[in-house]
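We use all heavy atoms of the structure for the numbers below, so side chains are in, but hydrogens, waters and symmetry mates are not. Numbered from 1 within each chain, the chains take letters A, B, ... in sequence-line order.
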Amino acid sequence: MITEVAGQYNAEDLENQIRLLWEKEQTYRTVRKLRVGGKKFFFVDGPPYTTGRIHLGTAWNKVIKDSVLRYKSMNCFEVKDRAGWDMHGLPIEVKVEESFGFRNKKDIETYGVDKFIQRCKEFALRQKDDMTAQFKILGAWLDWEDPYMTLKNEYLEAAWWTLKKAHENNLLERGLRVVNWCPRCQTAIADSEVEYWDETDYSIYVKFPVLGEENTYIVIWTTTPWTIPANVAVAVNPTFQYSKVRARKDGKAEILIMASDLVESVLKIGRYQDFELLCALSAEQMQELTYSHPLGGMVPRQKDILHRVYAADFVTAENTGCVHIAPGHGLEDYELGMKHHMEIFCPVGGDGCYTAEAGAKYQGLYVKEADSEVIVDLVEQGKLLSQGRLAHRYGHCWRCKTPIIFIATSQWFLRISDLRDKMLEEVSRITWYPEWAGSARFSDWIKNARDWCISRQRYWGIPLPIWTCPACGHLEVIGTAAELEERSGQKLADLHRPDVDHIFLDCPCGGKMVRSPDVFDVWFDSAVASWATLRFPSHEEEFSEWWPADFITEGHDQTRGWFYSQLGAAMVSFGRAPYKSVLMHGFTLDDQGRKMSKSIGNIVQPEEVVQKFGADILRFYVLGANAPWEDLHFSWDAVENTSRMLNIFWNAYRFALPYMVLDKFDAGKADLSRYESNLRPEDRWILSRVNSLIEDVTKEMEVYQLHRIVRSISDFILEDLSRWYIQLVRPRTWIEQDNPDKLAAYATIYEVLVKLSKLMAPFTPFIAESIYQNLVKGLDEGAPQSVHMCQWPKADAARIDKHLEESMALVREVSMAASNARQKGGRKLRWPVSEILIAPAKETVDLGGLENVLKGQTNSKKITVLAAGEKPKMDLEIAPVHKKIGPVYKGEAKNVVEAIAAADPTEVKRQLDEGEATISFRGMEYRITADMVAIKELPSQNLPAAEFSRGFVFVDITLTPELEAEGYAREIIRRIQDMRKELDLRVEDQIRAIVDIESKPILDLALQKKEHIAGEVRAANFQLGLGLELQGKLVKDWDIEGVCVRIGIDRAV
RNA sequence: GGGCCCGUAGCUUAGCUAGGUUGAGCGCACGGCUGAUAACCGUGAGGUCACGCGUUCAAAUCGCGUCGGGCCCA
């Protein structure tokens, strides 16, 4: 049984109902089971970090994923859809630290690493549960019961296995590198974990004394005074020219060396009063210089270092053109240092404090606090040329916001840079949506790929499975838990720290091998997701059946993130890309295009949208708001709009239900094939349209043009279904008995709605399900239990009639033009008109058998299509063109203008059509050429016109008594219907009605239509007259075209 | 400073791959409809398609440059 649905579209109730249904019937499981054995579609969920709250961006992301998966499933693919969670790493450590008020690693060690790890785990699991609930509200059908979690042993093993493989491929190495270092977290952090913002730092110019030359200095500039103690060299640009100048200040002179172009600005900053150029130095000559460290006396190690000048391309023509090089504290410095075999001097420890190597004066001082100390010492040594402050972008730890420092440390690396070319080749094999995401953006990133530092000196992460022997240096990478057990004889319940730290392996040399205490960079966790989600390495079979992934989709920030980390991890282990296609989507910004942030207070929570509007609306909105790869500017107005659209869809669906219920619509009546011969042209048209829509949506879905899909569907619902087809079929649904014309209309609507619900199922799964349950399940118990178990609809080519679609488009245009013309002529649509004239400009128009549709919609008695170029008689207006008349008639011109004004436009035009016109005026005759006048055609008063794409539409609004009678009848009908509504009567209820019209002529007109009126309003008892006594439950006075009409109605007994 | 993307009506946007009269929705003004009805429809006003130069018969669309925004890098 189809049931009527009450009231407005209420997303909240509807979605709750459907959720209950899905839960009760285990619909998700059933759908997935149904497709087992189908063609495989391997999707990998980019795991969100377990922060506890989803935001609009993650909601959008999951909605895209869900829509694609539902679509693939309807296309009979067996989809792999494990949800994923990224659960390790500093963000969680930091949260747990905060909750205990820890300040540094020592606090953690004191508290106990085992307990700390336990807290982190609990925290991550709780956050995961919270977020799962939030994602479920969106209707995202992923496997939430069995997600992959980066903290599970089987996941840890996938990372271990990968590293072992990288080691076997000779791509793992340990080395001293300068890394971004967070002195609070006391760990290396990845480039991607560095957050930049402006910070005010010192800006100092320092004089390095040149050896062997009295009172002579190389001038350098830096914003990090604390790196001066670690200075080893100076770099100059090989293409620059340098100058040696004698500069004077306060009566004292000194000799300074710097880039020639920068002499003046440097001396100005140093407040020198004047200077003289002594000589120019080439970059080569610069490289012959040596100097002594400006704080040499305070940093003992500096005594043994030979300070030289080297050439480097990265030196720019800024500041002094001489760059302070501290290979222990800078990336470029380090690289230059390695190239020239400098000492990698790094007198700073992991806590950001100077070590003993920095000398007694500095030892134990925190570097950022040492800045002022160093400056004071430079001043005392007479080595400071200038000091100032400077606001510049500086990197910070993205979790604890501490300014990062660069220090040289021993870390584990994957030699990604060796694989660049291979990676580029792989990228070109992947299908990217949009294309440039791969060919331009990602390729560009890979061209700059550096070796990947995978080690972190933290606790909550996947332990590095690397054991080394302190005695002989032997190294071993363990690939699985089983392997570890075999090698150590110990079985671990949990592979995390600290238990794994207590496992020692026997070294062939007889020594005991110790685990490298580090954990993995958390990016490495998600990097192995595509095989970890298949439970590789423990389940090799699943891996060989599914891998690599068919599809992944994430935001454009993941270019350097997950797109890259996955590729890197797959390259070092499998030597190929782990995914075949990528849809890169945008970011969610606020309506002004700004980032959503707590500080601006412009954050929109997905739940807020769901609460106010519903999940389907949020989904449809984010999918359709713009192209997936562009940033989404969230707008409440636009959400509201989407809501209105779905509400119209709901009303369109609801419209037919009462009639279907009344008429006991059943499976037999729903069978469209029974009514082939009864289909009206408009029925065939909407069926053609819905099949065209299926074709379009399918085509766009194959290339993930999600926004176009939403727009096609919306357009269909609004334009074709609601604004047009339903208006057309309304009269047919009122017919009281079973007649094939009515049933054909029902069957058509039914067909269209069922097709639509399937077509919308991937995008608005709730409303689609609700409609399906009523329309399909309501009639056929044997139908699939959910719309999501149905097959994706196929376009029926036999139903598509492009010619008919074009004709209908034309009819719609004409109809709109006709209402426009009516408006101009002041004739309401309720009043019939005798004739509509279509005047095509060039080629004639073919209404394709839709004349009756046009008549109905324009409320007209007759449609006439004129021949191309033909027009009904129109009023002409003729205006003089002064520019042309003036030069010809000179002084006479004024009279000519008057003559034209007085002339009969029709006559002038007739003559001009044949050549020239002659106008007589005050006894004179004027010869007029066509260019002297502008002739405008004006529709005559009773024949207003409006333009459409192919010409003009005229509406003959001349009234006849018959038309007037009909008009008044409709006015009266409308009022009575209004009153019926007010009494809340049912469609099929009969009434008694009394209508009193105070004007005799109008009454006479109305009387002609008495039977008709009574029929339309279902009045069993109907009185129409003048001076009648009004009775009934509801009595109202109305004003119809200035005439008072009093109506009383009551329900008939 | 570099790479990629974006800039169209007051707001949100379509069109750009493949050059041929910029099209919607919201908001505003006016009108209409009324057995989908706290719904719906029409009309109107509102655009130097960010700016400049070039290619072309023709540029929102292609190329170059500038400005502004986003993501990423340095």
Side-chain angles (χ1 to χ4, degrees), chain A residues 5 7-9 191-192 194 196 314 316 318 331-332 393 395 434-445 447-450 555-561 564 584 586-589 591-595 621 624-627 629-642 644-645 647-659 703 705 707-708 711 714-715 718-719 721-724 726-727 730-731 733-734 815-824 826-831 857 859 946 949 970 973-978 980-982 985-989 1016-1018:
Chain A
V5 293
Q8 297 289 299
Y9 170 49
D191 290 340
S192 51
V194 178
Y196 291 87
F314 60 76
T316 57
E318 287 168 306
L331 219 64
E332 287 169 325
R393 275 163 63 78
E435 192 273 336
W436 51 258
S439 66
R441 210 180 168 126
F442 195 49
S443 297
D444 181 63
W445 169 254
K447 280 175 198 148
N448 298 315
R450 293 209 302 252
H556 45 51
D557 55 328
Q558 296 302 330
T559 303
R560 66 162 191 184
Y564 177 67
M584 184 186 81
F587 256 49
T588 46
L589 309 173
D591 55 2
Q592 289 165 59
R594 298 173 306 180
K595 226 173 165 167
Y621 166 67
N626 46 17
W629 51 87
E630 270 165 27
D631 291 344
L632 187 148
H633 295 200
F634 182 85
S635 142
W636 282 107
D637 275 357
V639 175
E640 169 108 45
N641 220 19
T642 307
R644 202 163 307 161
M645 185 258 132
N647 188 38
I648 292 173
F649 175 48
W650 184 254
N651 281 337
Y653 153 63
R654 203 157 65 100
F655 155 78
L657 296 178
Y659 308 108
V703 288
Q705 298 269 336
H707 62 310
R708 296 201 200 204
R711 278 168 189 157
S714 302
D715 278 357
L718 292 176
E719 295 296 333
L721 185 60
S722 166
R723 288 178 195 165
W724 201 243
I726 288 195
Q727 305 311 321
R730 269 164 117 155
T733 60
W734 305 336
S815 173
M816 273 178 213
S819 359
N820 191 356
R822 270 176 176 273
Q823 202 169 332
K824 287 180 187 165
R827 182 73 75 239
K828 295 192 255 188
L829 186 56
R830 210 178 292 143
W831 290 66
Q857 289 315 105
N859 193 15
S949 69
R970 280 187 69 165
I973 291 166
R974 218 234 88 199
R975 264 81 176 176
I976 298 176
Q977 301 289 30
D978 206 68
R980 282 185 64 115
K981 200 94 215 165
E982 204 172 319
L985 299 182
R986 295 184 54 82
V987 170
E988 63 273 23
D989 287 339
E1016 286 290 306
V1017 302
R1018 296 190 195 225

Query raised in the report: Does D978(A) come within less than 4.0 Å of R974(A), counting only side-chain N to carboxylate O?
Result: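 Looking at R974(A) together with D978(A), the answer is yes, because their closest N to O distance falls below 4.0 Å.
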Query raised in the report: Hey, is the side chain of R441(A) pairing donor to acceptor with the base of C71(B) inside 3.5 Å?
Result: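 Indeed there is one.
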Would you indicate what [X] reaches in the nucleic acid, counting non-hydrogen atoms under 4.0 angstrom: base, sugar-phosphate, or nothing?
X	answer
Q857(A)	nothing
S714(A)	nothing
A652(A)	base
R827(A)	nothing
E640(A)	nothing
N448(A)	nothing
D978(A)	nothing

Rounded distance (Å) that lies between atom [atom2] of [N] and atom [atom1] of [X]:
X	N	atom1	atom2	result
W629(A)	U17(B)	CH2	P	13 Å
W650(A)	A39(B)	CH2	C1'	15 Å
I648(A)	C26(B)	CD1	P	9 Å

**Report entry** Position toward the 5' end of RNA chain B (nearest nucleotide), K828(A) or L721(A)
**Finding:**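 Nearest-nucleotide comparison on RNA chain B picks K828(A).
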Query raised in the report: Of F649(A) and T559(A), whose closest RNA chain B nucleotide lies nearer the 5' terminus?
Result: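 Comparing both residues, the 5'-ward one is F649(A).
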Checking contacts here: which listed nucleotide ([options]) is nearest the side-chain heavy atoms of [X]?
X	options	result
L829(A)	G70(B), C4(B), C33(B)	C33(B)
D444(A)	C41(B), G3(B), U34(B)	G3(B)
S819(A)	G42(B), C71(B), A39(B)	G42(B)
R654(A)	U37(B), U43(B), C41(B)	U37(B)
W436(A)	C5(B), G42(B), C16(B)	C5(B)
R830(A)	U34(B), C40(B), G70(B)	U34(B)
N626(A)	A39(B), A14(B), A74(B)	A14(B)
E630(A)	C41(B), A14(B), G27(B)	A14(B)
D557(A)	U34(B), C72(B), C16(B)	C72(B)
W445(A)	U12(B), C72(B), U43(B)	C72(B)

Distance check, rounded to the nearest 0.5 Å: [X] atom [atom1] versus [Y] atom [atom2]?
X	Y	atom1	atom2	value
I648(A)	L721(A)	CD1	CG	10.5 Å
H707(A)	W629(A)	NE2	CH2	5.0 Å
Q857(A)	M816(A)	CD	CE	10.5 Å
T642(A)	D637(A)	OG1	CG	10.5 Å
K828(A)	N859(A)	NZ	CG	12.5 Å

**Report entry** Nearest heavy atoms of Y621(A) and A638(A), plus distance in Å
**Finding:**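 That closest heavy-atom pairing would be CE1-CB, 3.4 Å.
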Query - Where G438(A) and S443(A) come nearest, the two heavy atoms and their spacing - result: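 For G438(A) versus S443(A), the nearest heavy atoms are O-OG, 2.8 Å.
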Interatomic distance at [atom1], [N] relative to [M], whole Å:
N	M	atom1	result
A24(B)	U37(B)	C1'	25 Å
A74(B)	G65(B)	P	24 Å
C41(B)	C16(B)	C1'	32 Å
A38(B)	C6(B)	P	44 Å
C57(B)	G15(B)	P	29 Å
C62(B)	U8(B)	P	16 Å
G7(B)	C51(B)	C1'	11 Å
C64(B)	C5(B)	P	11 Å

Compare side-chain N and O positions of [X] against OP1 and OP2 of [N] and report whether any pair is under 4.0 Å apart.
X	N	value
R711(A)	U13(B)	no
H707(A)	A14(B)	no
R822(A)	G31(B)	no
R974(A)	G32(B)	no

Report task. Measure the shortest side-chain to side-chain distance between R970(A) and E1016(A) over non-hydrogen atoms and say whether it is less than 4.5 angstrom. Result ->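 They are not in side-chain contact.
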Query raised in the report: For RNA chain B, what is the dot-bracket line, given that a base pair needs Watson-Crick (N1 to N3, plus N6-O4 or O6-N4) or G-U wobble (N1-O2 and O6-N3) geometry with both distances under 3.5 Å, and | means paired with another strand?
Result: (((((((..((((......[..)))).(((((.......))))).....(((((..]....)))))))))))).
Query raised in the report: Mind checking what makes ring-ring contact (aromatic ring centres under 6.0 Å, His included) contact with F649(A), not counting sequence neighbours?
Result: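 F649(A): no ring-ring contact (aromatic ring centres under 6.0 Å, His included) contacts found.
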